[in-house]
Amino acid sequence: MKGDTVTFSERMLKIDRRIIFLVIGLCTLLPLLYPVGLPIKISSEVRGVYDHIESLPEQSVFLLSIDFDPASKPELYPQAIALLRHAFRKNLRVITMTLWVSGTGMADQIVTQVAKEMGKEYGTDYAFLGWSPGGQAVIINMGQDLYSAFPSDYGGRPTKELPVLNGVRNLKDVGYMVDLGAGKPGVEEWYVFGKDKYKFELGGGCTGVMAPGLYPLLRSGQINGLIGGLRGAAEYEILIDHKGQAVAGMDAQSATHIAIIVLVIICNVFYLSLRRAARAQGQAG
Amino acid sequence: MIFLRRQLPLLITLVAGLLFAAQYYVPHPASEQMLTSATKWLQIIGGFALVLGVTSLFHLHAVKIRRQEAGWGYSLVLYAGMLGTIAVGLWADGKESIEGVMTSFGWVYNYMMVPLQGTMFAILAFFIASAAYRSFRARSREAAVLLVAAVIVMMGRVPLGEYLVPLSGDVASWILNVLNASVRRAILIGVSLGAIALSFKIIFGVERSYLGGGKE
Amino acid sequence: MKGQGGEVRRRVRQGWTSPAWLLSLMMGCTGSLLLSCLVFAQEPISTPPEIHVFDTPNDGGGSLTVQWAPASWDGPDVRYQILVGDASSTDPSTFTVMAEFPANSKYLKDTETAWWTRDVDKSWHHIVVRSAKGLEIKDGTSYAVSVATMRDDQRLFTPVIVATPSPDWFNWNQLNNLIIAASFGGLIFYTISHAKRNNIFLRRIPGLDAVDEAIGRATELGKPVLYLTGAHDLHDPSTVAAAVILGKVAKRAALYETELMVPHREPITMAVCQEITKQAYLEAGKPDLFKEDANFFITSDQFSYAAAVDGIMLRKKPAANFFMGHYFAESLLLTETGASTGAIQIAGTDADHQLPFFVTTCDYTLIGEELYAASAYLSKEPVQIGTLRGQDIGKAVILTAIAVGTVLATFGAVTGAEWPQIMLDFLSDVK
């Protein structure tokens with residue numbers, strides 16, 4: 001019997017990865033098909049961004065940099081949608097852009113989709129500046145003169161002629177800026193080359209993996225809020241009272257996390273039993 | 001020749017490095033103007049760097065096809081994909097949609113690039129599960145601490161975990177805001193000091209590996 | 001006794017209505033009324049006696065600074081106005097109102113300034129006047145400034161003071177930053193020159209022991225060694241460190257006659273690593289074994305590169321994988337695939353957000369600066385070792401500053417003393 005147990009533990013410890021993949025796959029798929037809708041607690045990090053946007057007077061300039069590509073779409077797309085809905089609802093002047101060339105098309109789609117939903121007019125209520133090469137060089141240029149960094153918008157219209165940009169010469173004239181970043185350039189670059197030099201308020205959004213690394217910026221007040229991953233997006237959707245993809249995805253994320261925890265516990269149970277058996281064998285031998 | 005390959009780049013690096021380091025401390029508009037000009041040049045060079053990447057790729061696979069090396073068929077596929085995307089992109093003037101109607105370039109972007117990139121990123125979810133199963137074992141005391149912290153944070157970051165163990169959310173938040181932030185800050189300080197030291201060495205010509213070539 | 005009490009009560013009753021008592025009551029009431037008038041009487045306002053108007057220091061121009069001492073009438077019911085007009089004008093009532101605020105606001109202590117740039121007390125009022133809709137403040141043009149004190153209908157102007165804004169060539173608020181940066185730079189150069197003259201001890205990095213073991217294993221199994229240099233180019237210290245470690249790995253691979261594969265994301269890094277590999281094979285005495293295509297460029301796209309390397313791992317099944325340099329999301333894709341092939345994996349990165357993935361999937365991980373230390377240890381170059389020593393001293397200084405600063409800040413908060421702040425200000429970042 002003891003021999004069988006050891007063999008079984010060893011087999012479980014070396015289980016085929018594909019079984020684990022199947023478990024994760026089912027834990028992701030089933031909650032999406034049969035949602036439960038558990039309550040989501042709002043964190044102070046996400047509330048920081050929300051409260052700041054809420055405090056902005058109407059017609060304040062809100063700059064949103066959509067710095068991610070389709071790979072990070074599942075986590076950052078819901079954040080972008082929620083932020084844009086909030087900004088449009090507050091009647092802010094929304095300026096969007098991207099520093100990632102591979103995300104340009106997606107950024108354009110996001111802005112157009114939400115603007116249409118909220119009944120906003122291009123040029124008057126919002127603008128999409130598109131992409132410009134250079135990463136942090138673009139940020140520095142925008143800090144000096146926005147029109148030299150983006151002489152025309154994504155559609156080729158001269159930016160100086162857009163009513164939404166009236167009175168905006170550079171980043172110093174921006175009321176609030178949020179960067180949704182999936183890597184470099186991202187939130188850190190916007191702080192180092194943007195806020196640190198040109199003194200505008202900055203909030204951040206990022207993937208779940210990157211969020212822990214941005215906590216030092218949050219704790220020191222360099223950014224006033226952080227929307228981390230799908231969970232952050234779900235919290236924001238709750239705050240603006242418009243549930244979307246993020247809230248829907250939280251059930252799947254819950255199931256997946258619990259599945260991983262259970263797998264880890266099972267793995268440790270087998271590991272410890274194997275270790276005990278080995279020790280017992282060693283003592284007997 | 002040595003002057004052009006060695007001395008001149010080092011001189012340019014020294015002058016430019018000192019100039020832009022000093023720029024940080026000079027608020028005068030002339031300094032800001034210099035920075036603006038330099039960043040515009042960087043933007044232009046950044047644009048050319050894209051061309052460099054594409055040219056390298058073309059050249060590499062052209063050699064593979066010419067020599068009919070192993071896997072040269074895939075190089076043909078790469079050529080077809082690259083040239084096809086460039087062609088439809090130029091045809092659609094680089095736009096994914098025109099007046100709400102998706103262009104062929106938009107079709108390539110939405111139905112090829114987006115799913116492919118999304119798939120690669122989605123694989124991470126499965127890989128982290130198998131990696132966690134294989135490595136989150138209480139082999140030692142430190143490993144046990146890592147395991148417990150990981151379980152608490154995983155519980156606290158999802159609604160189901162907070163529902164089952166209400167305290168997990170606050171504990172996870174404390175771990176992230178206090179323990180994690182302080183450790184990240186420490187690593188950041190160390191890495192930043194390394195970056196500053198390297199910058200000084202590059203500016204003053206002590207570090208020359210970026211110039212390429214062997215040891216002098 | 002009862003009779004006496006009744007007698008007393010009668011006398012008291014009588015006392016209430018007696019003239020003496022009435023006079024006392026009247027005097028008391030009048031006194032209270034006078035006192036309350038004194039307390040609630042509005043202090044008369046006046047113009048601030050001492051006003052300073054000057055070009056804002058440490059800025060890029062286009063603004064003037066106005067400072068004046070706090071006054072006894074400063075309160076929410078009094079307001080100050082800052083008026084700016086043409087330099088030739090002397091009548092402040094014709095000036096443009098550039099700012100208006102309650103008299104108990106806008107103090108120097110509310111702004112971020114370094115103590116070595118302050119020339120008045122923190123309790124003084126302080127406001128920076130910039131261009132507004134009504135008036136543009138231009139460099140080189142003189143402006144007349146006056147401060148008005150207002151309450152209800154009363155409005156009193158200070159005498160007009162003329163000042164001219166101009167840009168500055170140095171931001172003295174950042175002097176501490178410059179001193180600290182220059183000191184650190186000087187320290188680095190000193191430690192490098194010290195390392196050139198002396199032997200500096202460097203502790204052995206545990207992960208490096210595993211490098212020989214990994215290459216030996218690959219040789220025994222007759223499988224290749226895979227080496228990755230990360231996502232960044234040579235301007236990143238992690239890529240430089242990765243290139244140095246590649247030299248060591250290539251030399252070992254040459255000695256053991258093991259195949260080496262180095263796929264790259266960046267053409268310039270590839271060119272440099274090719275030279276390093278060639279040199280390593282020469283030093284190992286095996287130049288004929290060197291292959292030009294050991295270093296090859298795949299693509300600069302993140303996931304395309306990851307997919308290509310995963311394919312190489314699954315087809316060629318290298319026995320040892322090295323992940324040195326800076327990585328992003330592709331790290332787990334690479335390391336997990338490598339782990340599935342049974343390879344021994346050694347990683348070294350300064351990408352703190354990817355460290356958890358490397359730690360869980362690799363056999364050895366060099367964390368953050370251990371990567372830089374490893375390259376210094378292997379190369380034994382005085383420049384690398386000296387830099388490491390300089391960084392260590394820098395970190396020791398920061399640790400000391402944190403400890404001292406914590407004690408000072410706590411002492412200052414508990415005792416209310418001001419002098420700890422002077423020392424703490426030297427470490428703060430003010431622009």
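- More than 12 heavy atoms of other residues, nucleotides or ligands lie within 6.0 Å of NZ in Lys95(B), so this atom counts as buried by the packing criterion.
- For Asp350(C), the parts lying near chain B are the backbone and the side chain together; criterion is any non-hydrogen pair under 4.5 Å.
- Within the 4.5 Å cutoff, the side chain of Asn295(C) has no heavy atoms near those of the Ile276(C) side chain.
- Only the side chain of Glu369(C) comes within contact range of chain B, with at least one heavy atom under 4.5 Å from a heavy atom of that chain.
- When each of Thr337(C), Asp352(C), Asp301(C) is scored by its heavy-atom pairs under 4.5 Å with chain B, the top score falls to Asp352(C).
- Taking the six-membered ring for Trp and thresholds of 30 and 60 degrees, Phe189(C) and Phe200(B) have ring planes more than 60 degrees apart, a perpendicular arrangement.
- Note: His353(C) and His326(C) have perpendicular aromatic rings, judged against thresholds of 30 and 60 degrees for the angle between ring planes.
- With contacts defined as side-chain heavy-atom distances shorter than 4.5 Å, the pair Tyr372(C)/Leu198(B) does not qualify.
- Of the listed residues Ser166(C), Ser300(C), Ser238(C), Ala329(C), the one with more heavy-atom pairs under 4.5 angstrom with chain B than any other is Ala329(C).
- Across Ala195(C) and Pro382(C), no two heavy atoms sit closer than the pair CB-O, 3.4 Å.
- Annotation for Pro167(C) and His28(B): closest pair CG-NE2, 3.3 Å, computed over non-hydrogen atoms.
- Contacts of residues 176-187 of chain B with chain C at a heavy-atom distance below 4.5 Å involve Arg184(B), Ile187(B), listed in sequence order.
- Contacts of Ile192(C) with chain B are made by side-chain atoms alone, with heavy-atom separations under 4.5 Å and no backbone atom involved.
- Taking chain B as the reference chain and counting heavy-atom pairs below 4.5 Å, the highest number among Asp139(C), Leu371(C), Asp59(C) is found for Asp59(C).
- With a 4.5 angstrom heavy-atom cutoff, Tyr74(B) does not touch chain C via any of its atoms.
- Taking 4.5 Å as the limit, every side-chain heavy atom of Thr85(B) sits out of range of all side-chain heavy atoms of Tyr109(B).
- Contacts of Ile128(B) with chain C are made by both backbone and side-chain atoms, with heavy-atom separations under 4.5 Å.
- Looking at Thr361(C) and Glu336(C), their side chains never bring a donor and an acceptor atom within 3.5 Å of each other.
- For chain C, the nearby parts of Leu124(B) are the backbone and the side chain; heavy atoms of each come within less than 4.5 Å.
- Both the backbone and the side chain of Leu178(C) have a heavy atom closer than 4.5 Å to some heavy atom of chain B.
- When each of Thr387(C), Asp236(C), Asp233(C), Leu388(C) is checked for heavy-atom pairs under 4.5 Å with chain B, Thr387(C) comes out on top.
- For Ile298(C), the part sitting under 4.5 Å from any heavy atom of chain B is the backbone (N, CA, C, O) and nothing else.
- When heavy atoms are compared at a cutoff of 4.5 Å, Leu333(C) approaches chain B by way of both its backbone and its side chain.
- Of the atoms belonging to Ala30(B), it is side-chain heavy atoms, and not backbone ones, that fall under 4.5 Å from chain C.
- Note: Phe358(C) and Tyr327(C) meet the aromatic proximity criterion, with ring centroids under 6.0 Å apart.
- Ion pairing between a basic and an acidic side chain is recognised when a charged N comes within 4.0 Å of a carboxylate O; Asp392(C) and Lys395(C) show such pairing.
- Considering every non-hydrogen atom in both Thr349(C) and Gly325(C), the closest pair reads OG1-O, 2.8 Å.
- For Ala243(C), no part lies near chain B; criterion is any non-hydrogen pair under 4.5 Å.
- Contact of Thr299(C) with chain B is made through backbone and side chain together, with heavy-atom distances under 4.5 Å.
- No donor-acceptor distance shorter than 3.5 angstrom exists from the side chain of Asn171(C) to the backbone of Tyr25(B), with no hydrogens or angles considered.
- Heavy atoms closer than 4.5 Å to chain B are found in both the backbone and the side chain of Phe303(C).
- With a 4.5 angstrom heavy-atom cutoff, Pro267(C) touches chain B only via side-chain atoms.
- Proximity of a side-chain donor or acceptor of Ser173(B) to a complementary backbone N or O of Asp170(B) within less than 3.5 Å is not detected.
- Residues Leu147(B) and Ala138(B) share a closest heavy-atom pair of CD2-CB, 4.3 Å.
- For a residue to count as touching a neighbouring chain, one of its non-hydrogen atoms must lie under 4.5 Å from one of that chain's; by this rule Ser31(B) does not touch chain C.
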